[in-house]
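Everything numeric here is computed off the predicted structure, so don't read it as measured data.
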Amino acid sequence: MTEDMALRISELDIGDAAYRELLLLADPDEERVAHYTTSGTCFQANLEHTRIGGAVWHPGSTRTVELLNLSVHPTWQGQGYGKQFLNALLAEARARGFHGMTVGTGNSSLGPLALYQKAGFRIEGVVKDYFLRHYPDPIVEHGIRCCDMIRLHFDLTE
Ligand SMILES: CC(C)(COP(=O)(O)OP(=O)(O)OC[C@H]1O[C@@H](n2cnc3c(N)ncnc32)[C@H](O)[C@@H]1OP(=O)(O)O)[C@@H](O)C(=O)NCCC(=O)NCCS
């Protein structure tokens, strides 16, 4: 499908338990993850025969695809694979005729906020209190309470 150096991405028909485990790194809500692995389009990222990452997207309105989850296994984090995986997904979305990709992440998710903006995503909005309303247990990252969803958009037509 798409090859970026040694990383290969491919679509999965349905996510198995190990795949869902990987996605839980990005979203602790098991029910939500189970739902979108059946309703969305599932991708995996492989290095040779080792699956190191998973991502799901949902076609949205007006030719926009919503990235719901992007995860790299902890063993493989911090080595540039998240960036390669994201770039491969953007290329795939462009090849499939989408005009934009959107993603939502927490105000406390400093790593993903850096990753998306370095890749060219721009902040387009904030959903106030999203994580307070939808997640019963408090989420804290880097000593910051996760309260709001930061919405980002990548223009695939440029
Ligand atoms: C977020 C995630 C996918 C990034 O994958 P990764 O392989 O670790 O990221 P990379 O090594 O490719 O880093 C890409 C860029 O983001 C930046 N970045 C990543 N994590 C960062 C952090 N915690 N703080 C600051 N910058 C960070 C890196 O500096 C890098 O920029 P560079 O290319 O200029 O050096 C991975 O850490 C992960 O799976 N996390 C848990 C799940 C998650 O939170 N997913 C996001 C859901 S919205």
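Side-chain atoms of Glu11 and Thr41 form no donor-acceptor pair, as typed in the model, at a separation below 3.5 Å. A donor-acceptor pair shorter than 3.5 Å cannot be found between the side chains of Ser108 and His142. With hydrogens and angles left out, the side-chain atoms of Asn69 and Ser71 include a donor and acceptor closer than 3.5 Å.
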Inset, instruction - Quick one: do Glu66 and Arg151 satisfy side-chain contact (heavy atoms from CB on, under 4.5 Å)? Show the steps, please. - result: CA-CA 10 Å; Glu66 162 102 20; Arg151 304 281 317 157; 2.9 Å; yes

Legend entry - Audit row: Trp57, Arg96, side-chain contact (heavy atoms from CB on, under 4.5 Å) steps and yes/no: CA-CA 13 Å; Trp57 78 30; Arg96 293 187 190 199; 4.0 Å; yes

Legend entry - Trace of the side-chain contact (heavy atoms from CB on, under 4.5 Å) decision for Leu86 with Tyr116: CA-CA 8 Å; Leu86 181 58; Tyr116 294 127; 3.6 Å; yes

Inset, instruction - Please step through side-chain hydrogen bond (donor to acceptor under 3.5 Å, both in side chains) for the pair His99 and Thr64, ending with a clear verdict. - result: CA-CA 6 Å; His99 290 178; Thr64 297; over 6 Å; no

Inset, instruction - Let me see the working for Val103 and His153 under side-chain contact (heavy atoms from CB on, under 4.5 Å), right down to the final yes or no. - result: CA-CA 7 Å; Val103 68; His153 178 262; over 6 Å; no

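Across every non-hydrogen atom of Phe154 and Ala119, the tightest pair is CE1-O, 3.1 Å. What you find for Leu156 and Ala93 is that their closest heavy atoms are CD1-CB, 3.8 Å. Across all their heavy atoms, Arg63 and Gly97 have their closest contact at CD-O, 3.6 Å. When every heavy atom of Ala55 is checked against every heavy atom of Leu89, the shortest pair comes out as CB-CD1, 3.7 Å. Of all heavy-atom pairs between Thr105 and Pro112, the closest is OG1-CB, 3.8 Å. Closest approach of Leu25 to His73, counting heavy atoms only: CD1-CA, 4.2 Å.
Salt-bridge check for Arg94 with Glu158: failed, with every basic side-chain N at 4.0 Å or more from each acidic carboxylate O. Arg20 and Glu31 are not joined by a salt bridge, as no carboxylate oxygen comes within less than 4.0 angstrom of a charged side-chain nitrogen. The pair Arg133-Asp148 does not meet the salt-bridge criterion, since no charged nitrogen lies less than 4.0 angstrom from a carboxylate oxygen.
A distance of 9.0 Å separates CG of Leu68 from NE2 of His35, quoted to the nearest 0.5 Å. A distance of 12.5 Å separates CG of Leu70 from CG of Asp27, quoted to the nearest 0.5 Å. From Leu67, atom CG reaches atom NE2 of His58 across 11.5 Å, with rounding to the nearest 0.5 Å.
No donor-acceptor distance shorter than 3.5 angstrom exists from the side chain of Gln44 to the backbone of Gly54, with no hydrogens or angles considered. A side-chain donor-acceptor contact under 3.5 Å links Thr37 to the backbone of Val33. At least one donor-acceptor pair closer than 3.5 Å links the side chain of Asp29 to the backbone N or O of Arg32. With hydrogens and angles disregarded, no donor-acceptor distance shorter than 3.5 Å links the side chain of Asn107 to the backbone of Ile144. Side chain of Glu92 to backbone of Ala88: no donor-acceptor contact under 3.5 angstrom is found. Proximity of a side-chain donor or acceptor of Tyr19 to a complementary backbone N or O of Phe43 within less than 3.5 Å is detected.
When the side chains of ILVMFWY residues are joined at heavy-atom separations under 4.5 Å, either directly or via intervening members, Val65 and Phe85 end up in a single hydrophobic cluster. Hydrophobic cluster membership is shared by Ile123 and Met101, with clusters built from Ile, Leu, Val, Met, Phe, Trp and Tyr side chains linked at under 4.5 angstrom. Val126 and Tyr130 are assigned to two separate hydrophobic clusters, defined by single-linkage of ILVMFWY side chains at heavy-atom distances under 4.5 Å. Placement of Leu47 and Val72 within a single hydrophobic cluster is found when ILVMFWY residues are connected by side-chain heavy-atom separations under 4.5 Å, directly or transitively. One hydrophobic cluster, built from ILVMFWY side chains closer than 4.5 Å, cannot hold both Met149 and Leu23; they sit in different ones.
Side-chain contact check for Ile150 versus Leu113: some heavy-atom pair is nearer than 4.5 Å. Counting heavy atoms from C-beta outward, Ile139 and Arg145 have side chains that stay 4.5 Å or more apart. Between Leu12 and Arg51 there is a side-chain heavy-atom pair separated by less than 4.5 Å. Two residues are said to be in side-chain contact when any heavy atoms from C-beta on lie closer than 4.5 Å; Gln117 and Leu152 meet this criterion.
Taking the six-membered ring for Trp, Phe131 and Tyr135 have ring centres closer than 6.0 Å.
Under a cut-off of 6.0 angstrom, the local environment of CD in Glu30 is sparse, with at most 12 non-hydrogen atoms contributed by other residues, nucleotides or ligands. No more than 12 heavy atoms of other residues, nucleotides or ligands lie within 6.0 Å of CD in Glu21, so this atom counts as exposed by the packing criterion.
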